[in-house]
Amino acid sequence: MVQRTSNAEVMAMDLSHKKPAKAYGSDGRAYYDWSPADLPMLGAASIGAAKLHLSAGGLALPSYSDSAKIAYVLQGAGACGLVLPEAASEKVIPVKEGDTLALPFGAVTWWHNAEGASAELVVLFLGDTSKGHTPGRFTNFQLTGATGIFTGFSTEFVARAWDLDQDAAAKIVSTQPGSGIVKIAAGHRMPEPRAEDRQGVVLNCLEAPLDVDIPGGGRVVVLNTANLPPVKDVGLGSDLVRIDGRSMCSPGFSCDSAYQVTYIVRGGGRVQVVGIDGTRVLETRAEAGCLFIVPRFFVVSKIADDTGMEWFSIITTPNSGLKNALLSPIFSHLAGRMSVWKAISPEVLETAFNSTPEMEKMFRSKRLDSEIFFAPN
């Protein structure tokens, strides 16, 4: 049974944004993650968050995780090897900035940045750890290397599993001294990525049709089972939001008992979160590389700096087990054309605000054409 965090505990938590710490790495580069010890809301929401950085020639060794997750390519280009549960063959997927992949339980992946790459390959991972070993943190199981699964088996077991003699079994398990991330030897050939392997598995959020497009305000691409079918096996809604300089994202809250986990991709701006009893629980300036979490039903709003602001979010939905659902997050906004206020009768608003009919009419007359993003005046 999942233990729920009380309102008092949530209100007492530090909701400020954090950057990740290095978990492991090599000359092929590093794996970073956010710890629930530093960001308690990760544990409360049972969400894991991590980033993979691969330098030119870097390879993240084949592994699987205890959690379903969404992968978003923040920078660079490279390849992702993907073996889905019970699949008979591997997909070798070319990936680039803006690509999103849904990785269900049991998926085995490896990631590679080409030897001659001019930029690092950087991948963000966000996922549900409610069924994992450590709430709020991914546990990755390496198939090979110094910490690989088969280093824990006796030589006899390895030999019998792979039908090898014991000397060969001992050698093949111990040949790779690296752990997690390695650098490929110069001239070593890797499998060629295949464009056809992207079909139905990858959605590029920078090229996909926009779900919301407000001139001078902002744009949204929402990931769901319609544009990325494997999302149904992950059970997470997600989106990429870009707002222009000095624009505002309407105050809003998740209305399906979900947590919103947000990573700032680029730019920055001000963020405010208001919780129980009208208490402002977060007032901060967020910048690229930071992660923060908005608790269930708390209201969040953002105003971009002059250069704009871009963020990638996942929404943990309680309906994630419904295989046929679109898994789009349900969000109620408190300003703009679709504001909750606009649906409430004038008489109730007058009383609610203790105002006059004239004030209520003026209030209702504002933002008649604005959606969820407000361009600067």
Side-chain angles (χ1 to χ4, degrees), residues 19-20 25 28-34 48-63 65 67-84 90-104 107-127 138 140 181 190-210 219-224 227-231 234 236-242 261-267 288-291 310-314:
K19 291 192 175 182
R29 274 300 260 130
Y31 177 87
Y32 300 82
D33 69 357
W34 283 265
K51 280 201 303 181
L52 174 67
H53 289 241
L54 292 178
S55 58
L59 172 68
L61 294 171
S63 67
S65 174
S67 305
K69 61 183 74 169
I70 298 286
Y72 181 71
V73 180
L74 295 167
Q75 174 187 303
C80 171
L82 172 64
V83 181
L84 294 170
E90 171 192 62
K91 293 182 181 291
V92 183
I93 304 164
V95 295
K96 61 182 179 179
E97 181 179 339
D99 279 351
T100 307
L101 297 86
L103 305 176
V108 174
T109 61
W110 53 261
W111 299 82
H112 176 236
N113 194 10
E115 186 177 349
S118 58
E120 279 195 338
L121 175 63
V122 183
V123 185
L124 172 72
F125 301 99
L126 300 174
F138 298 131
N140 297 319
I181 299 173
M190 290 289 289
E192 285 292 325
R194 300 181 291 264
E196 59 269 26
D197 283 351
R198 290 175 59 90
Q199 186 67 34
V201 177
V202 180
L203 177 73
N204 189 280
C205 291
L206 301 178
E207 300 172 355
L210 297 171
R219 292 150 296 284
V220 181
V221 171
V222 178
L223 280 79
N224 53 45
N227 54 21
L228 190 62
V231 164
V234 175
L236 294 168
S238 57
D239 56 27
L240 178 71
V241 181
R242 290 165 282 172
V261 186
T262 298
Y263 175 85
I264 308 299
V265 177
R266 57 179 51 84
C290 293
L291 183 96
E310 179 178 334
W311 63 87
F312 186 83
S313 296
I314 65 166

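Quick note: numbers below take in every heavy atom, side chains included, and nothing from hydrogens, waters or symmetry partners. Please read these numbers as outputs of a predicted model, since none were measured by experiment.
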Worksheet item: Would the number of heavy atoms belonging to other residues, nucleotides or ligands and lying under 6.0 Å from CD of Q199 be above 12?
Response: no

Worksheet item: Below 4.5 Å, heavy atoms only, C-beta onward: do V92 and H112 meet side chain to side chain?
Response: no

Discussion item. Using 0.5 Å steps for rounding, measure from the CG atom of L236 to the CG atom of N224.
Written reply: 13.0 Å

Discussion item. I'd like to check L223 versus C205 (side-chain heavy atoms, cut-off strictly below 4.5 Å). Are they in contact?
Written reply: yes

Worksheet item: Any Lys/Arg nitrogen of K51 or E120 sitting under 4.0 Å from an Asp/Glu carboxylate oxygen of the other?
Response: no

Discussion item. What I'd like to find out is whether the side chain of L101 reaches to under 4.5 Å of the side chain of T109, using heavy atoms alone.
Written reply: no

Fill in: With sequence neighbours excluded, residues passing ring-ring contact (aromatic ring centres under 6.0 Å, His included) with F138
none

Worksheet item: Got L126 and S238 here, is their nearest side-chain heavy-atom distance under 4.5 Å?
Response: no

Practice prompt. Decide side-chain contact (heavy atoms from CB on, under 4.5 Å) for R29 and L121; before the verdict, give the C-alpha distance in whole Å, the side-chain angles of both, and the deciding distance to 0.1 Å.
Written response: CA-CA 10 Å; R29 274 300 260 130; L121 175 63; over 6 Å; no

Worksheet item: Which atom names give the shortest non-hydrogen contact between G289 and P20, and what distance separates them?
Response: O-CD, 4.1 Å

Worksheet item: Between E207 and R198, is a salt bridge (Lys or Arg N to Asp or Glu O under 4.0 Å) present by the stated rule, with each step listed?
Response: CA-CA 14 Å; E207 300 172 355; R198 290 175 59 90; 5.5 Å; no

Worksheet entry | Heavy-atom pair of closest approach, residues A56 and A117 | CB-O, 3.6 Å

Worksheet entry | Side chain to side chain, L82 and L103, heavy atoms closer than 4.5 Å | yes

Worksheet, complete the sentence: Distance col, row Y263:OH vs S313:OG, nearest 0.5 angstrom, shows 12.5 Å

Worksheet item: Is there a side-chain contact between L210 and V221 (heavy atoms, below 4.5 Å)?
Response: yes

Discussion item. Pair E310, L206 - check side-chain contact (heavy atoms from CB on, under 4.5 Å), show working.
Written reply: CA-CA 11 Å; E310 179 178 334; L206 301 178; 4.2 Å; yes

Worksheet item: Can you name the nearest heavy-atom pair linking A30 to I181, along with the distance?
Response: C-CD1, 3.4 Å

Response to the item:
Between E90 and D197 the two heavy atoms that sit nearest each other are O-OD2, 4.4 Å

Fill in: Interatomic spacing from CG in L203 to CG in N227 - rounded to 0.5 Å
5.0 Å

Worksheet item: Between V241 and T262, is any pair of side-chain heavy atoms under 4.5 Å apart?
Response: no

Worksheet item: Distance from N140 atom CG to K69 atom NZ, nearest 0.5 Å?
Response: 4.5 Å

Practice prompt. First locate atom CH2 of W111, then atom CG of L52, and finally report the distance between them rounded to the nearest 0.5 Å.
Written response: 8.0 Å

Worksheet item: About how many Å separate OG of S63 and CH2 of W110, when rounded to the nearest 0.5 Å?
Response: 12.5 Å

Practice prompt. Please test I93 against D99 for side-chain contact (heavy atoms from CB on, under 4.5 Å), starting from the C-alpha separation and ending with a verdict.
Written response: CA-CA 11 Å; I93 304 164; D99 279 351; 6.0 Å; no

Worksheet item: Less than 4.5 Å apart, any side-chain heavy atom of C290 and any of K19?
Response: yes

Worksheet entry | Closest non-hydrogen atom pair between N113 and A119, with its separation | ND2-O, 3.0 Å

Worksheet item: Can you name the closest pair of heavy atoms from Y31 and A50 and give their distance?
Response: OH-CB, 3.1 Å

